[in-house]
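Small disclaimer: the values here were computed from a predicted structure and weren't measured. Counting from 1, the numbers follow the sequence of the chain as shown.
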Amino acid sequence: MAVKQQAPYLHLAELTASQFLDIWKHYDSDGNGYIEGKELENFFQELESARKGAGVDSKNGNFAEKMKEFMQKYDKNADGRIEMAELAQILPTEENFLLCFRQHVGSSSEFMEAWRKYDTDRSGYIEANELKGFLSDLLKKANKPYDEPKLQEYTQTILRMFDMNGDGKLGLSEMSRLLPVQENFLLKFQGMKLATEEFNAIFAFYDKDGSGFIDENELDALLKDLYEKHKKEMNIQQLTNYRKSIMNLSDGGKLYRTELEIVLCNEPPM
């Protein structure tokens with residue numbers, strides 16, 4: 001009797017960046033950026049089976065209990081699904097390809113600072129050649145040895161992961177999926193993304209003097225109101241952290257429309 005085809009590479013002790021991506025694409029079958037529902041059940045079932053095959057002890061207990069325990073451990077933002085940054089903590093990725101970004105970019109603030117540096121035309125995108133420079137600098141910052149083929153592999157893998165429409169460039173929210181879930185403040189804005197008309201009205205309201213930019217205090221008020229409008233709670237520490245991260249996109253403390261649009265709008269500015 002033919003043995004059911006295992007998902008690629010789950011049985012391996014160490015995965016390359018490309019193998020990790022193959023696993024991701026295998027389970028995120030609808031390509032929405034999450035392993036959830038039936039995809040999640042399949043993933044957990046096959047992971048358990050691969051671990052047993054590799055002699056890794058799996059606790060006895062029924063499937064639902066084990067899966068609940070698994071999700072408590074790895075679903076860091078408790079949304080009932082697994083995203084890429086969470087999967088990287090589950091699987092033994094070579095040199096821990098994605099986890100190594102945690103060491104380079106320890107916070108949203110550092111990530112936004114790096115983004116500003118590489119998105120030089122303020123388009124809201126990083127093109128493939130800029131991405132390579134971005135990754136190269138991050139690897140240097142983490143004292144992570146790499147050679148040209150490895151850098152090329154990382155660049156191509158990240159493009160394959162996030163460049164959904166194949167145009168060879170990545171948006172801010174796509175790249176932010178490399179951040180740890182707890183650190184990724186941009187995820188918090190997903191349910192609050194604004195249409196361009198709404199954004200224009202809000203920007204005009206907070207840019208009281210019509211200068212074309214808003215400062216830290218105006219941004220504070222904007223974020224606070226945005227959260228209240230969506231009936232979401234935010235404590236003062238979060239507010240301070242989000243403001244600091246977003247202000248890293250600013251030009252000397254002046255946050256222009258295009259920078260804020262990248263964070264708060266459904267589409268980057270044209």
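Expressed to the nearest 0.5 Å, how far CZ of Phe203 lies from CD of Glu218 amounts to 8.5 Å. Atom CZ of Phe63 is separated from atom CD of Gln45 by 4.5 Å, given to the nearest 0.5 angstrom. Taking CD1 from Ile202 and CG from Asp225, the interatomic distance works out to 8.5 Å, rounded to the nearest 0.5 Å. Separating the CG atom in Leu222 from the CG atom in Asn217 is a distance of 12.5 Å, to the nearest 0.5 Å.
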Discussion item. Could you walk me through whether Leu255 and Asp215 satisfy the side-chain contact (heavy atoms from CB on, under 4.5 Å) test, starting with their C-alpha distance in whole Å, then the side-chain angles of each, then the deciding distance to 0.1 Å, before giving a yes or no?
Written reply: CA-CA 6 Å; Leu255 192 66; Asp215 60 24; over 6 Å; no
Worksheet entry | Test log, rule side chain to side chain donor-acceptor pair (under 3.5 Å), inputs Asn241 and Ser245 | CA-CA 6 Å; Asn241 291 345; Ser245 297; over 6 Å; no
Worksheet entry | Full working for salt bridge (charged side-chain N to carboxylate O under 4.0 Å, His left out) between Glu69 and Lys66 | CA-CA 5 Å; Glu69 201 179 307; Lys66 286 198 286 189; over 6 Å; no
Item to complete: Show your working on side-chain contact (heavy atoms from CB on, under 4.5 Å) between Tyr34 and Ile82 and close with a plain yes or no.
Response: CA-CA 6 Å; Tyr34 298 97; Ile82 294 292; over 6 Å; no
Discussion item. Walk me through whether Asp207 and Arg257 qualify under salt bridge (charged side-chain N to carboxylate O under 4.0 Å, His left out).
Written reply: CA-CA 10 Å; Asp207 176 22; Arg257 176 189 295 271; over 6 Å; no
Discussion item. side-chain contact (heavy atoms from CB on, under 4.5 Å) for Leu172 and Met112? Distances and angles first, verdict last.
Written reply: CA-CA 9 Å; Leu172 177 71; Met112 299 295 265; 4.1 Å; yes
Discussion item. The test is side chain to side chain donor-acceptor pair (under 3.5 Å); show your working for Asn42 and Glu46 and say whether it passes.
Written reply: CA-CA 6 Å; Asn42 291 341; Glu46 290 177 32; 5.6 Å; no
Discussion item. Assess the residue pair Asp119 and Ser123 against the criterion (side chain to side chain donor-acceptor pair (under 3.5 Å)); give the C-alpha distance rounded to whole Å, side-chain angles, the decisive distance to 0.1 Å, and a yes or no.
Written reply: CA-CA 7 Å; Asp119 180 21; Ser123 64; 3.3 Å; yes
Discussion item. Under the criterion side-chain contact (heavy atoms from CB on, under 4.5 Å), I'd like the reasoning laid out for Leu131 against Tyr125: C-alpha separation, chi angles, the key distance, then a yes or no.
Written reply: CA-CA 10 Å; Leu131 177 62; Tyr125 293 102; over 6 Å; no
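With respect to the salt-bridge test (charged N to carboxylate O, under 4.0 angstrom), the residues Glu148 and Lys132 qualify. A salt bridge links Lys150 with Glu153: at least one charged nitrogen is closer than 4.0 Å to a carboxylate oxygen. Ionic pairing of Lys38 and Glu41 is present here: one or more N-O contacts between side-chain nitrogen and carboxylate oxygen are shorter than 4.0 angstrom.
Under the 4.5 Å side-chain heavy-atom criterion for grouping Ile, Leu, Val, Met, Phe, Trp and Tyr, Tyr256 is not connected to Trp115 through any hydrophobic cluster. The cluster map of Ile, Leu, Val, Met, Phe, Trp and Tyr, joined by side-chain heavy atoms under 4.5 Å apart, puts Tyr242 and Phe213 in different clusters.
Between Phe134 and Tyr118, the ring-plane angle classifies as perpendicular under the 30° and 60° cut-offs. Between Tyr27 and Phe43, the ring planes are perpendicular. Angles over 60° get that label, and only those under 30° would be called parallel.
The local environment of NZ in Lys224 is sparse, with at most 12 non-hydrogen atoms from other residues, nucleotides or ligands closer than 6.0 Å.
Pairing each heavy atom of Asp28 with each of Ile35, the nearest pair is N-CG1, 4.2 Å. Contact detail for Leu40 and Gly80: the closest heavy-atom pair is CD2-O, 3.7 Å.
A donor-acceptor pair under 3.5 Å is absent between the side-chain atoms of Lys169 and the main chain of Gly124, judged by distance alone. In this structure, the side chain of Arg116 engages the main chain of Ser250 through a donor-acceptor pair within 3.5 Å.
Shown here are the ring pair (Phe, Tyr, Trp, His ring centres under 6.0 Å) partners of Tyr227, two or more places apart in sequence or in another chain: there are none.
Residues Glu39 and Asp30 have side chains in contact (heavy-atom distance under 4.5 Å, counting atoms from C-beta outward). Counting only heavy atoms from C-beta outward, the side chains of Glu216 and Asp220 never approach each other to under 4.5 Å.
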